[in-house]
Amino acid sequence: MAQEETRKRSLSERIAGQYSLYLLRTMALMLLVFTLVYWLTAVIYANRVCSATLERLSDSQWQAGCYMIGDTGLTRIDGEEIEPSVMPQRADGALVLIRQRGLLTVVLGMGNYAVMYVALILTLTAVELVRLRIMRRRAGQISRKALQPISEIVTAAKRMSASRLSERIAADGARDELRELIDVLNEMLTRIELAYNNQKQFVSDASHELRTPIAVIQGYADMLDRWGKADPEVRDEAIAAIRAESRGMKELVEQLLFIARHENANHRYEMEYFDLGEMAAETLRETQMIAGDHHVETKSMESVLVHGDRSALKQALRIFLDNALKYTAADGTIALSCVREGSWARLTVADNGVGIAKEDLRRVFDRFYRTPDARGGEVDGHGLGLSIARMIVQAHGGRIEVQSRPGAGSRFHILLPV
Ligand code: ADP
């Protein structure tokens, strides 16, 4: 705490110091300018006065000049010394005539002006020094006040923890850059809070999804233990159910792992140039093999060269085809096409299945979201397929479009840049 105090004080001290330095610099500059102006006006003025006197005494030989009258003699303003033996005769105020080797010299004594100048400079310096002292103290106070919001940021950051992520830094009294800093930090906290809550929700949904199959497996294992040893029918049913549930669990864990790896940016895509139409045709053939009574066909299969991870994009396409099979009646039709549209390749999976209601369309890409029909129905699923497909497509710079009408069917489009 004491160390922090020192740090804070030293920061405001440093600001005050900088401020004083700045004042000193401006003061020195001012004195320099002032001196220059003084000497310039003095020279011009003296020359004018001397020339005027010379005009009046034009019948003699004259040497004009502006001189300082000191105790030791005269010094020209341009630095040339006058012999100490030559003594000035005061003619008119500061105006002096000197007889020197037959020449008469008109001298304008600047002594009074010089005294005035020195007095002025000294007064100015004294005033500036007092002002500097006051300003230094004031600058310290101002910077301490201005830095107050930083102390609040430090306190808020220390207070912050996972359970207090909804707290924000108070921006009272902060202005300009500090206000901007606080706003940016608060926005960052909002994003962190959102990401954290999403993560929490994800973990809770995942645990929930895993709990059901585990409970089913447990139930069948108990049933096997009690009656299965003697009853072959019970035993076969239990084995089939355990097998199905563990398969579903494996699928779910794989999906969860994919999402986790993707979120941690640990997923590496093996990028290559490949023919999207050829990949789609291959996936279509594989789907036809498992399609049962569904009609799986293609309308158009163009050859389009794209740059991407072939197996990841195939995985995304499989998700749409599997969904089409899952949500379309046994004798329904599923069509896959691949076409090039300008600088995009478009893969379309169309089905004449159950379709998706308008209010669900926005949410089907959310993790674990399943439409009420899918949730209540017989179709297996965890609501992760579409969100994974979207992740893959977006990682390739592409996008997904969907059109659907309940009862009429759905069309999912994958658009990839070519
Ligand atoms: P899952 O199919 O495992 O439930 P998805 O993320 O793949 O999860 O899909 C989310 C939801 O979107 C599904 O539960 C289903 O309600 C709906 N859906 C996806 N594809 C279709 C489709 N072709 N026809 C009708 N509904 C679909």
Side-chain angles (χ1 to χ4, degrees), residues 198 201-202 205-213 216 244-260 262-263 280 283-284 287-288 290-299 312-337 346-395 399-415:
N198 280 346
Q201 187 63 43
F202 178 65
D205 289 343
S207 323
H208 183 78
E209 283 293 318
L210 282 167
R211 212 167 21 199
T212 316
V216 174
E245 288 300 329
S246 47
R247 201 174 35 240
M249 245 164 68
K250 181 170 171 259
E251 215 168 82
L252 173 63
V253 169
E254 274 166 7
Q255 287 182 322
L256 293 175
L257 278 176
F258 179 92
I259 292 174
H262 205 284
E263 294 236 303
T283 320
L284 180 84
T287 312
Q288 279 166 335
I290 54 160
D293 292 334
H294 290 101
H295 307 286
V296 184
E297 55 184 43
T298 177
K299 291 265 164 60
L313 286 169
K314 188 172 172 181
Q315 184 188 351
L317 181 58
R318 285 208 74 100
I319 290 172
F320 292 108
L321 285 166
D322 286 348
N323 278 352
L325 290 175
K326 278 182 351 186
Y327 302 108
T328 302
D331 58 348
T333 303
I334 291 140
L336 171 64
S337 64
R346 180 188 288 266
L347 282 171
T348 304
V349 178
D351 65 57
N352 57 357
V354 295
I356 304 167
K358 207 171 160 203
E359 60 273 19
D360 288 322
L361 263 184
R362 279 179 292 119
R363 303 193 57 194
V364 285
F365 289 92
D366 291 351
R367 285 171 196 172
F368 297 106
Y369 185 79
R370 306 195 75 202
T371 60
D373 284 350
R375 250 179 282 139
E378 295 282 290
V379 182
D380 286 342
H382 305 287
L384 288 175
L386 288 184
S387 55
I388 290 178
R390 186 170 61 176
M391 276 179 166
I392 295 172
V393 173
Q394 284 180 346
R399 63 177 198 274
I400 293 173
E401 289 173 359
V402 52
Q403 296 130 6
S404 189
R405 207 144 42 88
S410 314
R411 252 167 209 276
F412 286 89
H413 307 271
I414 301 177
L415 286 122

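Numbering of ligands and ligand atoms starts at 1, following listing order. We count residues from 1, following the sequence as given.
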Contact check: [X] vs ligand 1, nitrogen or oxygen atoms, below 3.5 angstrom:
X: S387; value: no
X: F412; value: no
X: D380; value: no
X: G381; value: no
X: Y369; value: no
X: A374; value: no

Gap separating the [atom1] atom of [X] from the [atom2] atom of [Y], nearest 0.5 angstrom:
X: Y327; Y: D373; atom1: OH; atom2: CG; answer: 10.0 Å
X: L321; Y: F412; atom1: CG; atom2: CZ; answer: 11.5 Å
X: T371; Y: R363; atom1: OG1; atom2: CZ; answer: 11.0 Å
X: D205; Y: L384; atom1: CG; atom2: CG; answer: 9.0 Å

For [atom], find the nearest protein heavy atom and state the residue, atom name and distance (0.1 Å precision).
atom: atom 15 (C) of ligand 1; value: Y327 CZ, 3.6 Å
atom: atom 12 (O) of ligand 1; value: V364 CG1, 3.2 Å
atom: atom 23 (N) of ligand 1; value: D351 OD2, 3.0 Å
atom: atom 19 (C) of ligand 1; value: N323 ND2, 3.5 Å
atom: atom 6 (O) of ligand 1; value: L386 N, 2.8 Å
atom: atom 4 (O) of ligand 1; value: R370 NE, 2.6 Å
atom: atom 8 (O) of ligand 1; value: G383 CA, 3.1 Å

Item checked: Residue part near ligand 1, for R375, under 4.0 Å between non-hydrogen atoms -> neither
Notebook entry, point to check: Quick one: does ligand 1 sit under 4.0 Å from the side chain of L384, the backbone, both or neither, non-hydrogen atoms only?
Noted result: backbone
Margin query: With a 4.5 Å cut-off on side-chain heavy atoms, are F320 and V402 touching?
Written below: no
Minimum heavy-atom separation for [X] to [Y], with atom names?
X: P406; Y: A357; answer: CG-CA, 3.6 Å
X: T328; Y: G353; answer: OG1-CA, 3.5 Å
X: R411; Y: A350; answer: CG-CB, 3.7 Å
X: A324; Y: V349; answer: CB-CG1, 4.0 Å

Note to self: Between E251 and R247 (salt bridge meaning N to carboxylate O under 4.0 Å), is one present in this structure?
What the structure shows: no
Item checked: Salt-bridge contact E209-R370 (side-chain N to carboxylate O under 4.0 Å) -> no
Notebook entry, point to check: Taking the minimum heavy-atom distance to atom 18 (N) of ligand 1, which of L252, V379, I356, T371 ranks first?
Noted result: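 Nearest option to atom 18 (N) of ligand 1, by heavy atoms: I356.
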Notebook entry, point to check: So, N352 side chain and T333 main chain: donor-acceptor pair closer than 3.5 Å or not?
Noted result: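 Checked: pair present.
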Please could you name the atoms of ligand 1 that [X] approaches to less than 4.0 Å, counting only its heavy atoms?
X: K326; value: 1 (P), 2 (O), 3 (O)
X: G385; value: 5 (P), 6 (O), 7 (O), 8 (O)
X: V354; value: 25 (C)

